[in-house]
Amino acid sequence: MAALWAGLPASDAVAQGTGKAETGGQAQPGKASPTPSDWRDPLRKFAQRKKKDERLPAKADQQPKEVVEADVSTRTIAVTSAFTGTEIVVFGSVVNSRQPSAEAGYYDVIVVLEGMPTPLLARRKSNVAGLWVNTESVAYESAPSYYAIASTRPIEEIADEPLLQRHAIGLDFARLAPAAQSVLEIEPAELKTYKDAVIRLKQKEGVFIKADYAVIFIGKSLFRAAISLPANVPVGPLTARVYLFREGDLLSSFQSRVRLEREGVELWLYRFAMKQPVLYGFFAVLLAVVAGLLASAAFRRRDTA
């Protein structure tokens, strides 16, 4: 076949119209037999199209997805008898950030620092015969021992309530699970009143914290937030959760752990109380009696002088 194409010119090899080719056979009406250059045309067009596509900018939906990565300033905090509180710095960056500057406000970041869940009993006091006594109570199977939330702006402006509730973001959506018996005995409206009261009391104690505009971008992708731990923070593990939002959509999340551990005399007393509760009780009473006698003796000397 190759010899046939090389030996005959194109004008002789193909008949015009409905004529026959020199090699025999019936030619298709209105079509000419392909030449060698025709076989290379599709490959040439494909290569040109590929080069053109490479020169075009990538579309928005083809850009890499933004991912948040974060960490905490310390993974372990020692709680001793002289512990007066501390501060944890949560910092991180947005990988594949599209934010033009730190002040652009292109992204929103929410940082949640949550303590381990513990049982809780909420009581209501009522005036009975002129005396304020506990009359009703709601038992919670689990409630955060500590809950702090920091954000680039108020969380109500960042995302809708269903999304915040799904991820337990915000004081109103903290995981306070009432016991089954309390759910059966008390109306939902009353349960909401108890929950609001628990949150209010926890805020007063300083273990429930809400800080708007506390997450600050210090670059196109870098951000940081400082969260305070009071002196009365319950000892135990803490979970730091970081959420990245854009226009109300959750893009990415990250989680890290912080441990609060007793050390020194605090650790010794804790172990003594847990392993020998009876001896610890006698020791505490004896220590109180001795302290009272010493204080009484000191005041007696001052009075006689």
Side-chain angles (χ1 to χ4, degrees), residues 46-77 85-115 144 146-175 199 203 208-230 238-258:
F46 175 78
Q48 293 175 354
R49 192 184 308 114
K50 185 177 180 182
K51 291 181 179 180
K52 182 179 180 181
D53 293 340
E54 290 177 352
R55 291 195 298 267
L56 293 176
K59 296 181 180 179
D61 56 356
Q62 295 177 348
Q63 293 183 3
K65 181 181 178 181
E66 301 99 316
V67 178
V68 63
E69 294 183 354
D71 204 349
V72 292
S73 56
T74 178
R75 295 292 183 90
T76 304
I77 298 175
T86 185
E87 185 179 74
I88 294 180
V89 177
V90 181
F91 58 91
S93 66
V94 180
V95 182
N96 303 320
S97 174
R98 306 175 193 175
Q99 185 168 235
S101 65
E103 299 81 12
Y106 191 76
Y107 298 110
D108 284 301
V109 175
I110 298 178
V111 177
V112 176
L113 189 62
E114 186 174 8
Y146 174 84
Y147 191 97
I149 179 170
S151 55
T152 51
R153 53 186 175 135
I155 61 173
E156 298 81 7
E157 302 176 5
I158 295 177
D160 297 332
E161 286 190 5
L163 181 58
L164 298 176
Q165 185 175 11
R166 191 181 312 130
H167 297 277
I169 301 175
L171 298 180
D172 294 336
F173 307 117
R175 297 186 179 96
I199 294 174
Q203 284 183 293
F208 274 28
I209 302 171
K210 183 177 184 294
D212 300 331
Y213 306 103
V215 180
I216 303 173
F217 273 92
I218 54 178
K220 295 181 179 180
S221 60
L222 300 178
F223 62 87
R224 69 185 299 274
I227 300 177
S228 299
L229 291 178
L238 299 175
T239 302
R241 308 196 309 267
V242 182
Y243 299 92
L244 177 66
F245 289 87
R246 187 184 70 223
E247 297 180 354
D249 296 328
L250 178 60
L251 301 180
S252 176
S253 62
F254 190 88
Q255 182 171 304
S256 184
R257 303 276 289 188
V258 180

Q. Do Tyr243 and Ile158 pass the side chain to side chain contact (heavy atoms under 4.5 Å, CB included) test, and can you show the C-alpha distance, the side-chain angles, and the key distance before you say yes or no?
A. CA-CA 11 Å; Tyr243 299 92; Ile158 295 177; over 6 Å; no
Q.
Nearest 0.5 angstrom please: Arg257 CZ to Thr76 OG1, how far?
A. 11.5 Å
Q: Check Ala168 against Arg241 and note the closest heavy-atom contact, atom names and distance.
A: O-NH2, 3.2 Å
Q. In terms of heavy-atom contacts, does NZ of Lys210 have more than 12 from other residues, nucleotides or ligands at under 6.0 Å?
A. yes
Q) Between the main-chain N or O of Ser93 and the side-chain N or O of Glu69, is there a donor-acceptor pair closer than 3.5 Å? A) no
Q: Report yes if some heavy atom in the side chain of Ile149 is under 4.5 Å from a heavy atom in the side chain of Ile169; otherwise report no.
A: yes
Q: Check whether any side-chain heavy atom of Ser256 sits under 4.5 Å from a side-chain heavy atom of Arg75, and report yes or no.
A: yes
Q: Could you tell me whether Gln255 atom CD has more than 12 heavy atoms of other residues or ligands within 6.0 Å of it?
A: yes
Q. Does the pair Phe254 and Leu244 meet the rule for a side chain to side chain contact (heavy atoms under 4.5 Å, CB included), with working shown?
A. CA-CA 9 Å; Phe254 190 88; Leu244 177 66; over 6 Å; no
Q) Does any non-hydrogen side-chain atom of Ser97 lie less than 4.5 Å from one of Tyr106? A) no
Q: Evaluate the side-chain proximity of His167 to Phe173: yes if any heavy-atom separation is below 4.5 Å, no if none is.
A: no
Q: Please confirm whether the backbone N or O of Gly170 pairs with a side-chain atom of Tyr147, one donor and one acceptor, at under 3.5 Å?
A: yes
Q) If you take all heavy atoms of Gln99 and Gly105, which pair is closest and at what distance? A) OE1-N, 3.6 Å
Q | Point-to-point distance, once rounded to the nearest 0.5 Å, from CG of Leu113 to OG of Ser228 | A | 10.5 Å
Q | Minimal non-hydrogen separation, Leu163 against Phe245, with atom names | A | CD2-CE2, 3.6 Å
Q: For Glu87, look at atom CD and say whether over 12 heavy atoms of other residues, nucleotides or ligands are found less than 6.0 Å away.
A: yes
Q) Going from CD1 on Ile216 to CZ on Phe223, what distance comes out if it is rounded to the nearest 0.5 angstrom? A) 12.5 Å
Q | Closest approach of Glu66 to Ser252 (non-hydrogen atoms, all atoms of both residues) | A | O-CB, 3.9 Å
Q. Which heavy atom of Tyr146 sits nearest a heavy atom of Phe208, and at what distance?
A. C-CE1, 4.3 Å
Q) Yes or no on side chain to side chain contact (heavy atoms under 4.5 Å, CB included) for Thr86 and Thr74, after CA distance, side-chain angles and deciding distance? A) CA-CA 11 Å; Thr86 185; Thr74 178; over 6 Å; no
Q: Answer yes or no: is there a side-chain heavy-atom contact under 4.5 Å between Leu251 and Tyr107?
A: yes
Q) For the atom pair CG (Asp172) and CD (Gln165), what is the distance rounded to the nearest 0.5 Å? A) 10.0 Å
**Q.** Sub-4.5 Å side-chain heavy-atom contact between Asp212 and Arg153
**A.** no
Q) Which pair of non-hydrogen atoms, one from Gly115 and one from Leu238, has the smallest distance, and what is that distance? A) CA-CD2, 3.4 Å
Q) Does the side chain of Val109 come within less than 4.5 Å of Val68's, by heavy atoms? A) no
Q) Got Lys65 and Asn96 here, is their nearest side-chain heavy-atom distance under 4.5 Å? A) no
Q: Mind checking the CD1-CD1 spacing from Ile209 to Ile227? Nearest 0.5 Å is all I need.
A: 8.0 Å
